[in-house]
Asker: 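Handing you this structure, nothing more for now.
All chains are named by letter (A, B, ...) in the order of the sequence lines, taking the proteins before the strands, and each is independently numbered beginning at 1. All values reported here derive from a predicted model rather than from experimental measurement.
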Amino acid sequence: MDYKEIDSRWQKKWADARIFESDVGSKDPYLVTVAFPYVNAPLHIGHIRTYGTADVLARYKRMRGYNVLFPMGFHATGTPILAFAKRLRNNDKELVAELKLFHISDQTIAQMTDPLFIANYFVKDIEYGMHRAGLSIDWRRKFVSTDPQFSKFIEWQFGILNSKEYLVKGRHPVGWCPNENNAVGMHDTKHDVEPDIEGVLSIRFKVEGEDAYLLCTTYRPETLFGVTNIFVNKDIKYTLCRINGGHEPYYVSKEASKSLAFQFKIEPISDIPGSELLSKRGVNPINGESVPVFPGFFVKGDVGTGVVMSVPAHAPFDYAALKRLRESGYPMPDIKPRRVMEIKAGGSINPEGYVDLPAMAYIGLFAKGSDAGDDLLEKATKLQYREEAHLGKMVIHEYEGMGGDEAGNKVKGELMGAGNAFEIYILANSPVYCRCGYPVAVKVVDDQWFINYGNKEWKSLAAAALKGITILPEKSKRAFDAALDWIGLRAVARSQGLGTRFPLDKGKIIESLSDSTIYMSFYTISNLIRDLPAEKLIPELFDYVYLNKGDPQSVSSATGIDFQLIKRCRESFDYWYRNTSRHSAGELIFNHLTMYIFNHAAIFAKEYWPRQIAVNGMVLSEGEKMSKSLGNIVPLVDGIEKYGTDVIRMQVIASADLFSDSDFSEVAVRGIDERFRYLFDLVGRIDEFDSGELRHIDYWLYSKLNRKVASATEQIEKLELRGVSTSVFYDSILELRKYLARGSPNGIVLKDYLSCIILMLAPIAPHVAEEIWHGLGNESFVSLEKWPQADGSMISDKVEAEEDMLDSIIADTNQVAALIRKSGKEPRSVRIIVADEWKRSANNIVAKDHSIKQIMERLNSAEGMQGLGLKPEDRERSMKYVQNMAKKMNQLRQLDQSQDDEYGLLAGSVDYLKKSLGYPVTVEPESKSDSKRAHNAAPQRPSIDISS
RNA sequence: GCAGGGGUGGCAGAGCCUGGCCAAAUGCGACGGGCUUAGGACCCGCUUCCUUUAGUGGAUGCAAGAGUUCAAAUCUCUUCCCCUGCACCA
């Protein structure tokens with residue numbers, strides 16, 4: 001058995017028969033689309049999670065009689081390919097090593113300094129990988145997001161967004177490299193760090209007797225009431241400068257003046273040493289208090305503005321700095337910390353203990369005598385900030401009782417309203433370095449274009465769309481709700497990258513997640529317009545095709561495009577786009593998938609809105625996240641070569657819940673391989689088996705089979721593929737083993753069973769399924785066969801329970817036999833004693849209302865006894881039995897098996913029992929048994945009497 | 001910090017929505033046995049503790065704690081811990 005041979009043989013047959021190429025037809029349509037791959041790396045096994053899951057759905061729906069279209073395109077817009085080429089031009093060793101892992105030749109790598117080459121290379125490479133993975137894609141429709149025809153489509157989309165006033169302009173901070181003079185994203189930094197930008201408030205303190213301000217940055221404006229002084233670093237340079245042309249200048253650190261220049265217009269006036277600031281006093285804008293300026297040991301020039309307002313009651317660093325200053329003998333007045341908020345309960349400190357000194361109390365949690373090193377102060381700060389933000393209540397008059405965050409926002413609003421504060425941006429994870437080596441700064445772009453997902457009407461439109469979408473798995477629905485609420489402005493135009501020019505500013509490129517929100521609709525026409533020159537694709541064409549607006553005849557005469565072709569485009573979109581399923585990894589919920597919903601709601605009529613979205617987890621490699629640094633990435637083609645396509649598909653796609661990560665491990669993969677081989681082996685021998693009348697075990701197998709058809713159908717509809725593979729694959733093999741162990745299997749039953757599970761296995765493991773399907777004598781493609789239908793009449797709880805009973809009798813007998821052997825004796829034969837009928841009645845009476853009252857009443861009267869078929873002398877023993885039964889009252893269930901049923905089953909299974917146990921077995925009813933253990937018999941739990 | 005998802009036996013991982021047939025599927029691993037020259041493969045058994053040399057008895061138990069209930073892995077609340085995403089980046 002050679003997976004490679006099987007895989008390529010069936011892939012070729014599918015391709016030759018063009019069974020995955022779909023066109024407008026009379027059957028119900030089903031369009032499956034997946035987040036198209038970005039063309040800067042080959043596929044690894046992780047990619048198959050999403051593509052494979054979509055493929056399973058496509059294959060399943062095909063078997064359910066839908067006309068299924070599963071198209072694929074490629075994403076090449078944006079900056080990564082450019083960054084990729086640049087890295088190779090700079091001979092980046094890390095990247096080269098990564099490419100070598102995928103067996104890319106030196107010769108090819110040498111050509112990868114050209115972005116176009118990179119894109120073309122990976123388009124081919126990825127398409128090849130998808131072929132090898134057996135994805136049922138209609139390749140006639142592929143396109144690349146840099147194709148000029150696609151650009152026309154995107155321009156049309158943005159025209160509509162603009163006409164609806166969803167595009168707005170504003171200020172926006174970005175990571176910026178001062179050296180290269182361009183925006184810096186994750187792809188452009190050393191070690192791929194995302195520059196983490198955050199806004200902080202800068203509050204100005206008027207310098208007493210001078211037309212200037214000290215500018216302090218803070219995360220906690222609500223503590224402004226507790227300011228006792230200002231800290232600067234006396235050993236660094238400060239710059240007096242004007243900001244944005246205001247006439248009163250500010251003191252900030254020299255470094256800050258430079259980095260702020262990317263956010264504001266900064267005019268430096270003069271530099272002075274920090275020590276000169278120490279003689280000044282600042283006025284607190286919130287209460288007019290005048291506070292002194294002190295040197296602070298922790299103040300850094302490159303953090304914020306290099307000027308810090310000191311709140312010793314609520315900031316451990318401030319408290320410690322004042323304490324050290326006093327202890328060093330620095331000439332200073334007595335500074336009294338002032339508390340602005342308190343924590344009533346639930347915090348780490350005792351709220352009564354340090355009325356005006358919470359910071360000291362926090363320090364005390366980490367260090368003896370409140371004399372802590374910087375790292376401990378850091379910890380104390382974090383804890384205090386966290387607890388005060390959560391549990392703190394303001395104690396300042398107008399703010400009394402307010403939470404920390406709420407008060408902070410109010411103070412911020414007041415200050416900003418009065419012009420006493422403004423926001424500046426800083427890099428929270430500073431320093432971040434650009435690949436060129438320079439530290440990244442934050443630049444504020446003034447004329448940034450955004451898509452305004454915060455627009456109220458649009459949002460409610462999107463909410464309406466979301467309502468109509470089936471989200472799989474259901475539990476991720478809440479994430480969509482949250483994402484929809486949260487999404488607001490999204491910067492849409494970029495200064496660099498591949499892609500479509502932004503219509504309202506042709507110097508900019510449309511950001512690459514924003515140009516792929518409705519591309520799924522492009523598949524419906526991509527094959528039809530492929531050869532048309534892009535300039536003919538005027539907005540009116542798309543208006544007609546997608547919106548049914550305008551007149552195809554006039555579009556035809558305006559562009560020279562064949563009238564019929566235009567009509568076909570419209571028909572194709574209208575046909576395919578009514579029933580769609582969208583697939584991606586869960587991490588895209590908060591951007592791509594939400595934008596997908598918004599844009600569909602904005603552009604298309606209701607009947608073309610999304611119908612289903614499925615999000616899946618990732619793939620781990622031997623329990624670890626796959627990463628370049630761990631070197632544990634398994635290239636897809638390598639994996640397929642080594643293990644076989646379906647073994648990989650089975651493990652990657654179907655070994656975990658849809659939303660959970662699946663683990664690719666050697667051991668698990670081997671287990672799948674072994675089971676496939678078991679099936680192949682069994683099918684190879686299928687003609688050896690006779691077929692006669694159906695026995696109990698045959699009915700059992702049919703019952704199990706039909707039950708799993710029903711459950712697997714339900715599960716695959718929800719893409720619960722782990723459940724499908726467990727019941728259809730793993731459990732089936734256990735059932736087959738059990739069935740075969742019973743001896744003389746029925747060939748027809750086996751064939752029925754195997755055919756059916758193969759049909760259900762086909763979406764997940766299509767190559768193996770085709771091979772086995774044909775091994776069973778079929779001529780058709782299993783890929784095009786009908787999904788099986790459960791026959792409810794074949795499902796029998798009774799038959800299954802009876803088989804379970806046989807198993808437990810064997811287990812129990814073995815257990816008893818073990819005890820006998822322990823005493824040195826050897827079991828010679830066993831009698832199995834079937835409980836009397838009255839015990840079944842008793843069971844059912846008790847089980848009915850979970851009470852022994854009724855049955856006891858019956859046992860207490862002669863007629864009642866008689867009704868149960870008992871004699872008066874049985875009374876005592878039967879009461880004892882019932883009392884015993886009552887102990888497990890809550891577990892009793894109704895039984896529909898009579899004593900005769902049970903007896904018949906056991907008598908008919910004597911041979912099997914004998915074979916399993918290894919000694920003679922006889923069966924007898926309780927009433928006819930002379931065994932002293934006979935009275936132990938209970939329904940479905942016969943008494944066992946072993947002679948030794 | 002905010003948002004979303006989680007925490008189950010040596011490990012992986014079902015079960016949780018719809019409470020009771022749950023000492024908890026299945027797989028892997030470990031252990032004992034069979035088969036074998038041996039290893040692998042395969043087959044059988046076993047894998048919380050106690051009790052029982054004739055069994056299906058008892059205790060503890062599903063992150064921790066509290067609660068609801070006749071009954072909780074499952075429902076509610078609190079706490080702790082882990083994973084993912086957080087914007088111009090695909």
Asker: If pairing requires Watson-Crick or G-U wobble contacts with both distances under 3.5 Å, which nucleotide is the partner of B/U26?
Answerer: B/A12

Asker: Just checking, any donor-acceptor pair under 3.5 angstrom between side chains of A/Glu511 and A/Ser514?
Answerer: yes

Asker: Rounded to the Å, how far apart are A/Arg737 CZ and B/C42 P?
Answerer: 8 Å

Asker: Provide the distance between the two C1' atoms, one in B/C31 and one in B/C81, to the nearest whole Å.
Answerer: 33 Å

Asker: Measuring from atom CG of A/Leu513 to atom CG of A/Leu588, what distance do you get when rounded to the nearest 0.5 angstrom?
Answerer: 7.5 Å

Asker: Please identify each residue that fulfils side chain to side chain contact (heavy atoms under 4.5 Å, CB included) with A/Lys798, with sequence neighbours left out.
Answerer: A/Ser796, A/Glu802, A/Asp896, A/Gln897, A/Asp901

Asker: Between B/C77 and B/G5, how many Å separate the two P atoms, rounded to a whole number?
Answerer: 14 Å

Asker: Classify the nucleic acid contact of A/Arg670 as base, sugar-phosphate or nothing, counting any heavy atom under 4.0 Å across all strands shown.
Answerer: nothing

Asker: Within the 4.0 Å heavy-atom criterion, would you say A/Glu474 contacts the bases, only the backbone, or no part of the nucleic acid?
Answerer: nothing

Asker: Can you find a side chain N or O atom of A/Lys475 that sits less than 4.0 Å from OP1 or OP2 on B/G6?
Answerer: yes

Asker: Rounded to the Å, how far apart are A/Glu674 CD and B/C43 P?
Answerer: 9 Å

Asker: Indicate, with a heavy-atom threshold strictly under 4.0 Å, whether A/Ile944 touches base, sugar-phosphate, or nothing.
Answerer: base

Asker: If you only use heavy atoms from C-beta on, which nucleotide in B/C88, B/G85, B/C28 is closest to the side chain of A/Val667?
Answerer: B/C28

Asker: Identify whether any heavy atom of A/Ala479 sits under 4.0 Å from a base atom; if not, whether one sits that close to sugar-phosphate; answer base, sugar-phosphate or nothing.
Answerer: sugar-phosphate

Asker: Between B/G9 and B/A25, how far apart are the two P atoms, rounded to whole Å?
Answerer: 13 Å

Asker: For A/Ser947 and for A/Ile197, locate the closest nucleotide of RNA chain B by heavy-atom distance; then report the residue assigned to the nucleotide nearer the 5' terminus.
Answerer: A/Ser947

Asker: What integer number of Å spans the C1' atoms of B/G85 and B/A73?
Answerer: 29 Å

Asker: Calculate the interatomic distance between A/Trp486 atom CH2 and B/C2 atom C1'; express it in whole Å.
Answerer: 11 Å

Asker: B/U84, B/C86, B/C88: which one has an atom nearest the side-chain heavy atoms of A/Lys625?
Answerer: B/U84

Asker: Quick one: which of B/C88, B/A25, B/G85 gets closest to the side chain of A/Thr726?
Answerer: B/A25

Asker: Tell me: CD of A/Gln651 to C1' of B/C28, nearest whole Å?
Answerer: 12 Å

Asker: Pick base, sugar-phosphate or nothing for A/His75, based on heavy-atom distances below 4.0 Å to the nucleic acid.
Answerer: sugar-phosphate

Asker: Using purine N1 to pyrimidine N3 plus N6-O4 or O6-N4 for Watson-Crick, or N1-O2 and O6-N3 for G-U wobble, both under 3.5 Å, which nucleotide pairs with B/G85?
Answerer: B/C2

Asker: Tell me the interatomic distance from A/Leu593, atom CG, to B/A87, atom P, rounded to whole angstroms.
Answerer: 18 Å

Asker: Write down the distance separating the C1' atoms in B/U51 and B/A64, rounded off to the nearest Å.
Answerer: 31 Å

Asker: Within this structure, what is the CE-to-P distance between A/Met805 and B/G55, rounded to whole angstrom?
Answerer: 21 Å

Asker: Scan A/Arg677 against the nucleic acid and name what it touches under 4.0 Å (heavy atoms): base, sugar-phosphate only, or nothing.
Answerer: nothing

Asker: Could you tell me whether A/Ser943 contacts a base, only the sugar-phosphate backbone, or nothing, with contacts defined as non-hydrogen atoms closer than 4.0 Å?
Answerer: base

Asker: Tell me every residue that passes side chain to side chain contact (heavy atoms under 4.5 Å, CB included) with A/Ser711, counting only those two or more places apart in sequence or in another chain.
Answerer: A/Lys708, A/Gln715, A/Ser727

Asker: Quick one: label A/Leu489 by what it contacts on the DNA or RNA (base, sugar-phosphate, nothing), any heavy atom closer than 4.0 Å.
Answerer: base

Asker: Counting the atoms with a prime plus P, OP1 and OP2 as sugar-phosphate, which does A/Ile487 contact under 4.0 Å by heavy atoms, base, sugar-phosphate, or nothing?
Answerer: nothing

Asker: Using whole Å, report how far CG of A/Asp657 lies from C1' of B/G5.
Answerer: 12 Å

Asker: Taking a pair as Watson-Crick or G-U wobble with both distances under 3.5 Å, which nucleotide is matched to B/C42?
Answerer: B/G34

Asker: Centre-to-centre under 6.0 Å for A/Phe598 and A/Tyr453, is that the case here?
Answerer: yes

Asker: Rounding to an integer number of angstrom, what distance separates B/A66 and B/C28 when you compare their C1' atoms?
Answerer: 37 Å

Asker: Would you say A/Arg49 and A/His583 are linked by a side-chain donor-acceptor pair, where the criterion is simply a distance under 3.5 Å?
Answerer: no

Asker: Do A/Thr500 and A/Asp515 meet the criterion of a side-chain donor-acceptor pair at a distance under 3.5 Å?
Answerer: no

Asker: Over all strands shown, is A/Asn40 touching base, sugar-phosphate only, or nothing at heavy-atom distances under 4.0 angstrom?
Answerer: nothing

Asker: State the pairing partner of B/A59; accept Watson-Crick or G-U wobble contacts with both distances under 3.5 Å, and report none otherwise.
Answerer: B/U48

Asker: Charged N to carboxylate O below 4.0 Å: is that the case for A/Asp505 and A/Lys508?
Answerer: yes

Asker: Please work out if A/Gly586 contacts a base, only the sugar-phosphate, or nothing of the nucleic acid, heavy-atom cut-off 4.0 Å.
Answerer: nothing

Asker: Return the value, rounded to whole Å, for the distance between atom CG of A/Leu721 and atom P of B/G13.
Answerer: 17 Å

Asker: For the side chain of A/Arg722, counting heavy atoms from C-beta on, which of B/A3, B/C88, B/A14 is nearest?
Answerer: B/A14

Asker: Between B/C28, B/C88, B/A3, which nucleotide gets closest to the side-chain atoms of A/Phe590?
Answerer: B/A3

Asker: Is A/Lys914 atom NZ crowded by more than 12 heavy atoms from other residues, nucleotides or ligands, each under 6.0 Å away?
Answerer: no

Asker: On a whole-Å scale, what distance lies between the C1' atoms belonging to B/U60 and B/U53?
Answerer: 26 Å

Asker: Compare side-chain N and O positions of A/Arg478 against OP1 and OP2 of B/G5 and report whether any pair is under 4.0 Å apart.
Answerer: yes

Asker: Using atom C1' of each nucleotide, how far apart are B/A41 and B/U47 to the nearest Å?
Answerer: 23 Å

Asker: Which nucleotide, B/A25, B/C43, B/G5, lies nearest any side-chain atom of A/Phe659?
Answerer: B/G5

Asker: Return the 5'-most residue of the pair A/His592, A/Asp663 with respect to RNA chain B, ranking by each residue's nearest nucleotide.
Answerer: A/Asp663

Asker: Among B/C88, B/A3, B/U84, find the nucleotide with the atom closest to the side chain of A/Arg490.
Answerer: B/C88

Asker: Tell me what A/Ser655 touches on the nucleic acid: a base, only sugar-phosphate, or nothing, going by heavy atoms under 4.0 Å.
Answerer: nothing

